[in-house]
Amino acid sequence: MTQEQTDVLIIGAGPAGAVAAGLLRKQGRQVLILEREQFPRFSIGESLLPQSMEFIEAAGMLQAVVEAGFQYKNGAAFACGEQHTQFDFRDKYSPGWGTTYQVQRARFDQVLAMQAARMGAEVRYRHEVLAVDVAGQRPSVEVRDQDGHTHGVSANFLLDASGFGRVLPRLLDLEYPSAFPQRSALFTHVQDNIPAGSGFDRDKILITVHPQHCDVWYWTIPFSDGRCSQGVVARPEFLAQYPGCDTQRLRALVGEAPGLRRLLEASAWDTPVRSITGYSANVKSLWGKGFALLGNAGEFLDPVFSSGVTIAFKSASLAANCLQRQAQGAPVDWESDYARPLQAGVNTFRVFVESWYAGGFQKVIFHAKSSPEIRRMIASILAGYVWDTGNPYVAEPRRRLSVLEQLCCG
């Protein structure tokens, strides 16, 4: 089997892989990306958080994203029955970007990957990693190309940005079950036909809570072309109560949320509904000898706060910084310099996700007399600034949120 060599090998050309490639190319590194699919390809996770813009800009990809014409986003709206509230991410506690975009991921991911290629990264589509060896002096992989031929690639360092494909966790037996209860998502894109006078703010994602079940929620993500992403998240056994195909289930569930039903009553359901179950995942370690796991390849929590792409970008940034320091001869401890800082923000998101499904955080965000300063702190969390320890709800998320829940329930 032939063997080629590169400096940094990235598995996956999605957001984590593309941004990592951009950052590494700015360091002057040789980068090879191996992507199993052919872009553009469908992917879920369309509502970005403002924190992600910092990493897009640092990777040299901001102009390409701005010029792509995606839907502007400045916040998040929440609804449950007659309760409504919204957060404007420009009015937040943490410094940094307050706006971002809602994107069709097929096109967004392609924009980033194309920009990585323009910056000098080599991107090979329809190349699947079959095996990996990290026992040697340099990590190496066995790859099958689009013609079915196999060859080897060795690198100075290997980054797994394979997302839900989770290539290295599978091949290196790094996976272990998430502590989160198993949930399922049903989702599609529709021609929404939402009238201008409906009160729907296309500059915000809409999160709707099921009127009878606080752990069942819907997302409505508008795009710039008059379409939107519509989905629902619930426990698999809850969804199994609804007869018919996935499209019938999703439409039946939308019908149970009166506000959402009215909003989408003229929508054209012209795309088959997709489903994903058991997406929450965890690993024994985010790094090992000669490799690191980026984004969803390492851990995925839950889609409720659209944290996935932001975590992916943050992991790419931390990994690129570690690789730069290594190249300069500085000592790098991947646990303390990469895994722990990344996990700190993930754990902050985790506290708020757990509270959301328990119903406590929902009482907080719908509370009628909330403090403007606390709302700005919460807005920062929702905007993705979960690594800003100057925010008390980042520095002590569990204790602070617990106290706030008690005050809002009193």
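Being a predicted model, the structure only gives us computed values, none of them experimental. Throughout, residue positions are numbered sequentially from 1 according to the sequence presented.
- Of the charged side-chain nitrogens involved, at least one lies within less than 4.0 Å of a carboxylate oxygen, so that Asp7 and Arg29 count as a salt-bridged pair.
- Residues Arg249 and Gln241 fail the side-chain proximity criterion, which asks for heavy atoms closer than 4.5 Å.
- Rounded to the nearest 0.5 Å, atoms OG (Ser94) and CD1 (Ile381) are 7.0 Å apart.
- The structure places SG of Cys408 at 12.5 Å from CZ of Phe366, a figure rounded to the nearest 0.5 Å.
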Stepwise side-chain contact (heavy atoms from CB on, under 4.5 Å) check, Ile11 with Leu159: CA-CA 6 Å; Ile11 305 173; Leu159 296 174; over 6 Å; no
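- Minimum interatomic distance between Lys92 and Ser380 (heavy atoms only, all atoms of both residues): CB-OG, 3.4 Å.
- Side-chain contact of Thr310 with Gln51: a donor-acceptor pair under 3.5 Å is absent, judged by distance alone.
- Counting heavy atoms of neighbouring residues, nucleotides and ligands inside a 6.0 Å radius, atom CZ of Arg144 does not exceed 12 of them.
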Checking ring-ring contact (aromatic ring centres under 6.0 Å, His included) for the pair Phe223/His189: CA distance, chi angles, key distance, verdict? CA-CA 10 Å; Phe223 298 135; His189 289 178; 5.1 Å; yes
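- At a threshold of 4.0 Å, the pair Glu175-Arg166 counts as salt-bridged, since one of the basic side-chain nitrogens sits closer than that to a carboxylate oxygen.
- Put simply, the side chain of Thr100 does not reach to within 4.5 Å of the side chain of Leu49, judged on heavy atoms.
- For Arg126 and Asp147, the salt-bridge test fails: no basic side-chain N is under 4.0 Å from an acidic carboxylate O.
- Atom CG of Leu206 sits about 10.0 Å away from atom CG of Asp201, to the nearest 0.5 Å.
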Ser184 and Thr277: CA distance, side-chain angles, deciding distance, side chain to side chain donor-acceptor pair (under 3.5 Å) verdict: CA-CA 4 Å; Ser184 296; Thr277 297; 2.8 Å; yes
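- Interatomic distance, His127 NE2 to Leu32 CG, rounded to the nearest 0.5 Å: 8.5 Å.
- Ala18 and Met61 make their closest contact through O-CE, 3.1 Å (heavy atoms, listed as atom of the first residue, atom of the second, distance).
- Between the side chains of Gln326 and Asn156, not a single donor N or O lies within less than 3.5 Å of an accepting N or O.
- With Phe55 as the aromatic partner, Lys314 does not meet the cation-pi criteria of under 6.0 angstrom to the ring centre and within 45 degrees of the ring axis.
- No donor-acceptor pair closer than 3.5 Å links the side chain of Tyr385 to the backbone N or O of Tyr93.
- Residues Ile276 and Ile44 form no side-chain contact, since every pair of their non-hydrogen atoms from C-beta on lies 4.5 Å or further apart.
- Under 3.5 Å, the side chains of Tyr357 and Asp215 contain no donor-acceptor pair of N or O atoms.
- Classification of Glu46 and Arg105 as a salt-bridged pair fails, no side-chain N sitting under 4.0 Å from a carboxylate O.
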Step by step, would you call Thr247 with Trp269 a side chain to side chain donor-acceptor pair (under 3.5 Å)? CA-CA 9 Å; Thr247 298; Trp269 293 68; over 6 Å; no
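- Defined by atom type and a distance below 3.5 Å, a donor-acceptor pair is missing between the side-chain atoms of Thr99 and Lys73.
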Take Glu54 and Trp97, measure what side chain to side chain donor-acceptor pair (under 3.5 Å) needs, and give me the verdict at the end. CA-CA 7 Å; Glu54 171 190 330; Trp97 285 79; over 6 Å; no
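- Checked by atom type and distance alone, the side chain of Arg25 pairs as donor or acceptor with a backbone atom of Met119 at under 3.5 Å.
- At least one side-chain heavy atom of Trp217 sits under 4.5 Å from a side-chain heavy atom of Val304.
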Met53/Leu62 under side-chain contact (heavy atoms from CB on, under 4.5 Å): CA gap, chis, key distance, verdict: CA-CA 8 Å; Met53 301 300 289; Leu62 181 60; 3.7 Å; yes
Leu23 vs Gln324, side-chain contact (heavy atoms from CB on, under 4.5 Å): CA-CA, chis, key distance, verdict: CA-CA 10 Å; Leu23 293 168; Gln324 183 174 36; over 6 Å; no
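- Between Pro195 and Ser198, the shortest heavy-atom contact is O-OG, 3.0 Å.
- Residues Phe361 and Ile378 share a closest heavy-atom pair of CZ-CG2, 3.7 Å.
- Under the 3.5 Å distance criterion, with hydrogens and angles disregarded, a donor-acceptor pair is assigned to the side chains of Tyr242 and Glu256.
- Between the side chain of Asn347 and the backbone N or O of Arg350 there is no donor-acceptor pair closer than 3.5 Å.
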Would Glu373 and Arg376 satisfy salt bridge (Lys or Arg N to Asp or Glu O under 4.0 Å), going step by step from the backbone distance to the final call? CA-CA 5 Å; Glu373 183 70 357; Arg376 283 192 286 271; 2.8 Å; yes
Decide side chain to side chain donor-acceptor pair (under 3.5 Å) for Arg227 and Thr271; before the verdict, give the C-alpha distance in whole Å, the side-chain angles of both, and the deciding distance to 0.1 Å. CA-CA 11 Å; Arg227 298 179 67 80; Thr271 304; 3.2 Å; yes
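- Using modelled atom types, no side-chain atom of Thr150 and backbone atom of Val143 make a donor-acceptor pair closer than 3.5 Å.
- A salt bridge is defined here as a Lys NZ or Arg NE, NH1 or NH2 lying under 4.0 Å from an Asp or Glu carboxylate O, and Arg399 with Glu396 meets this definition.
- The backbone N or O of Ala13 lies less than 3.5 Å from a partner atom in the side chain of Glu35, making a donor-acceptor pair.
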For Leu172 and Phe291, what are the C-alpha separation, side-chain angles and deciding distance, and is it a side-chain contact (heavy atoms from CB on, under 4.5 Å)? CA-CA 11 Å; Leu172 297 177; Phe291 74 88; 3.9 Å; yes
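- Taking a cutoff of 4.0 Å between a charged side-chain nitrogen and a carboxylate oxygen, Asp225 and Arg107 do not qualify as a salt bridge.
- When only modelled atom types and interatomic distance are considered, Ser267 and Gln191 share no side-chain donor-acceptor pair under 3.5 Å.
- Between His210 and Phe238, the ring-plane angle classifies as perpendicular under the 30° and 60° cut-offs.
- No cation-pi contact links Arg398 to Phe352, judged by a cut-off of 6.0 Å to the six-membered ring centre and 45° from its axis.
- Using a cut-off of 4.0 Å between Lys/Arg side-chain N and Asp/Glu carboxylate O, Asp91 and Arg375 are scored as not salt-bridged.
- Taken to the nearest 0.5 Å, the CG atom of Leu9 stands 5.0 Å off from the CG atom of Leu158.
- Side chains of Ile311 and Phe349 form a contact here, defined as non-hydrogen atoms less than 4.5 Å apart.
- The backbone N or O of Lys363 lies less than 3.5 Å from no partner atom in the side chain of Glu405, so there is not a single donor-acceptor pair.
- At a threshold of 4.5 Å between non-hydrogen side-chain atoms, the residues Val132 and Ser140 do not count as touching.
- Atom CD1 of Ile56 and atom CZ of Phe108 lie 4.0 Å apart (nearest 0.5 Å).
- Within a 6.0 Å sphere centred on CZ of Arg36, other residues, nucleotides and ligands contribute 12 heavy atoms or fewer.
- In summary, the side chains of Trp219 and Ser229 do present a donor paired with an acceptor at a separation below 3.5 Å, with no hydrogens or angles considered.
- When all heavy atoms of Asn74 and Asp88 are compared, the pair lying nearest together is O-OD1, 3.3 Å.
- Between the side chains of Gln248 and Arg251, no donor-acceptor pair of N or O atoms lies under 3.5 Å.
- Minimum interatomic distance between Val233 and Ala185 (heavy atoms only, all atoms of both residues): CG2-CB, 4.1 Å.
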